[in-house]
S.K.: 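Dropping the structure in here first, questions after.
Fair warning: this is a prediction, and the values are worked out from it, not measured in the lab. Side-chain atoms are counted along with the backbone in the values below, which use heavy atoms only and exclude waters and symmetry mates.
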Amino acid sequence: VKEIVECLAEQCTTFQIDDLNELEMVRRHTNAKLLVLGYVEPSAIDTLVTLGGIPTIVDYSQALAFNEHCRRLGLTLTAHVAIDLYFGRE
């Protein structure tokens, strides 16, 4: 991971990663934005916020949980909101 991140760090402003394990690994080697595409349990919000990850919000209950947690901490959280309109699918 270190070699990949260091090689791409000058060309990338944001890395897309899958989960909190990858967030921890990649964060050790860059201060770039880290977009977590995998689901983050509300119980793991502290870890996500501490490591500066950008969560992908997939449903309303997750959005409420993140919002409440960040409100208690006095934080504003940047998030990616996944919207699937099911175009072309039955």
S.K.: Testing the basics here: between Leu37 and His80, what is the closest heavy-atom pair and its distance to 0.1 Å?
M.R.: CD2-CD2, 4.4 Å
S.K.: Looking at every heavy atom in both Thr13 and Ala32, which two are closest together, and how far apart are they?
M.R.: O-CB, 3.6 Å
S.K.: Looking only at heavy atoms, which two atoms of Val26 and Leu34 are closest? And how far apart?
M.R.: CG1-CD2, 3.6 Å
S.K.: Considering non-hydrogen atoms only, spot the tightest contact between Ala79 and Ile54 and give its length.
M.R.: CA-CG2, 3.9 Å
S.K.: Mind checking whether Val49 and Leu75 have side chains closer than 4.5 Å, heavy atoms only?
M.R.: yes
S.K.: For atom CG of Asn31, decide whether the heavy atoms of other residues, nucleotides or ligands shown that lie under 6.0 angstrom number more than 12.
M.R.: no
S.K.: Locate the shortest heavy-atom distance separating Leu20 from Ala44; write the atom from each residue and the value.
M.R.: CD1-CB, 3.3 Å
S.K.: Just wondering, are more than 12 heavy atoms of other shown residues or ligands nearer than 6.0 Å to CD in Glu10?
M.R.: no
S.K.: Taking atom CG of Leu8 as the centre, does the number of heavy atoms from other residues, nucleotides or ligands within less than 6.0 Å exceed 12?
M.R.: yes
S.K.: Any side-chain heavy atom of Phe15 within less than 4.5 Å of one from Glu22?
M.R.: no
S.K.: Which residue in the set Thr78, Leu77, Val36, Val81 passes side-chain contact (heavy atoms from CB on, under 4.5 Å) when paired with Pro55?
M.R.: Leu77
S.K.: Looking at every non-hydrogen atom in both residues, tell me the closest pair between His29 and Val1 and how far apart they are.
M.R.: CD2-CG1, 4.3 Å
S.K.: With a 4.0 Å cut-off, would you call Glu24 and Arg27 a salt bridge?
M.R.: no
